[in-house]
Amino acid sequence: MTEPDINYLYNQVRRGDATKEKHLFQLLSDKFLYFALHRIWDKADAEEIVQNALMTIHKEYIKIDFKVSFAAWAYKVLNNKILDYIQTKRRRGSLMRDAIRDNRLPRPAPLVENPELKRRLLFCLEKIGRRNIRYARILNLHYQGFSTTEICEKIKLTKRVFYTSLFRARTLLVSCLKNEDTDQ
């Protein structure tokens with residue numbers, strides 16, 4: 001059995017066969033994804049473009065009486081969505097290149113130097129290290145930006161033990177900072 005034509009399904013829906021609407025949009029979805037993937041080589045972006053096109057088509061297709069071809073109009077909607085995507089991507093790339101060239105990238109906010117906070121933080125980290133060296137090491141590696149997997153490999157921990165230790169270490173750090181312990 002051959003697959004029904006897009007225009008045939010559209011005409012069936014226009015005549016009141018509501019069961020054909022789901023089939024029509026499934027067929028459009030399949031064909032559109034194939035079409036979009038040949039133009040946009042990123043599957044996630046292609047799927048998003050197809051969904052946007054299908055939403056636009058679904059909002060408008062019943063209101064319009066197509067004399068020539070519903071399929072041609074639907075493909076035109078998809079093609080316009082693809083062109084919008086490409087233009088937006090180019091614009092963003094151009095803006096980023098200009099920002100890099102002109103040195104206009106956003107700069108991180110400068111760190112506020114608070115010598116008292118720094119002193120208390122170092123004191124608390126040393127205190128935690130004396131209490132449990134693993135906690136201090138986990139806090140240090142986490143602060144340095146290592147991923148959970150990397151930390152677990154370095155310290156030879158399971159993820160469950162890592163998360164428990166990280167929670168306990170943070171709790172000790174917060175408690176120490178709040179209590180403003182100064183006994184060394």
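These numbers were taken from a predicted model, which means no experiment stands behind them.
- Summarising the geometry, atom CG belonging to L173 is positioned 11.0 Å from atom NZ belonging to K127; distances are rounded to the nearest 0.5 Å.
- Contact of the F70 side chain with the V13 side chain is not registered, since no non-hydrogen atoms from C-beta on lie closer than 4.5 Å.
- Separation of atoms NZ (K154) and CZ (F162) is listed at 13.0 Å; rounding is to 0.5 Å.
- From L157, atom CG reaches atom CD1 of I151 across 9.5 Å, with rounding to the nearest 0.5 Å.
- Evaluation of the side chain to side chain donor-acceptor pair (under 3.5 Å) test over residues 68-80, restricted to residues two or more places apart or in two chains, returns N7-S69.
- Side-chain heavy atoms closer than 4.5 Å link hydrophobic residues (I, L, V, M, F, W, Y) into clusters, and following such links, possibly through other members, connects I128 to Y163.
- Applying the salt bridge (Lys or Arg N to Asp or Glu O under 4.0 Å) test to every pair with at least one member in residues 156-171, sequence neighbours left out, gives no pairs at all.
- You'll find the side chain of D5 stays beyond 4.5 Å of the side chain of L27, heavy atoms only.
- When all heavy atoms of A136 and G129 are compared, the pair lying nearest together is CB-CA, 3.6 Å.
- Judged as a side chain to side chain donor-acceptor pair (under 3.5 Å), and not counting sequence neighbours, T164 has no contacts.
- Side chains of L78 and R39 form no contact here, defined as non-hydrogen atoms less than 4.5 Å apart.
- Scored by the ring pair (Phe, Tyr, Trp, His ring centres under 6.0 Å) test, Y135 finds no partners at all (sequence neighbours excluded).
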Could you walk me through whether Y34 and H38 pass side-chain contact (heavy atoms from CB on, under 4.5 Å), step by step? CA-CA 7 Å; Y34 180 79; H38 279 68; 3.4 Å; yes
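- The shortest side-chain heavy-atom distance between Q87 and D84 falls under the 4.5 Å cut-off.
- To the nearest 0.5 Å, atom CD1 of residue I138 and atom SG of residue C152 are 8.0 Å apart.
- One hydrophobic cluster, built from ILVMFWY side chains closer than 4.5 Å, cannot hold both L117 and L125; they sit in different ones.
- Atom-to-atom distance recorded for R119:CZ and F123:CZ is 8.0 Å, nearest 0.5 angstrom.
- Atom CD of Q51 sits about 8.0 Å away from atom CD of E47, to the nearest 0.5 Å.
- N52 is listed as a side-chain neighbour of M55, based on a closest heavy-atom distance under 4.5 Å.
- With sequence neighbours excluded, no residue satisfies side chain to side chain donor-acceptor pair (under 3.5 Å) with T158.
- Exactly one residue among V77, I57, I49, I82 makes a side-chain contact (heavy atoms from CB on, under 4.5 Å) with F32. That residue is I57.
- Counting heavy atoms of neighbouring residues, nucleotides and ligands inside a 6.0 Å radius, atom CD of E48 does not exceed 12 of them.
- Looking at heavy atoms from C-beta onward, L141 lies in side-chain contact with I155 at the 4.5 angstrom threshold.
- The backbone N or O of T171 sits nowhere less than 3.5 Å from a side-chain atom of S175 that would complete a donor-acceptor pair.
- Cluster membership check: I86 shares its hydrophobic cluster with V50, using side-chain heavy-atom separations under 4.5 Å among Ile, Leu, Val, Met, Phe, Trp and Tyr.
- Remark: F25 engages H58, Y61 in a ring pair (Phe, Tyr, Trp, His ring centres under 6.0 Å) (not counting sequence neighbours).
- Here the closest non-hydrogen pair linking V161 and R134 is CG1-NH1, 3.7 Å.
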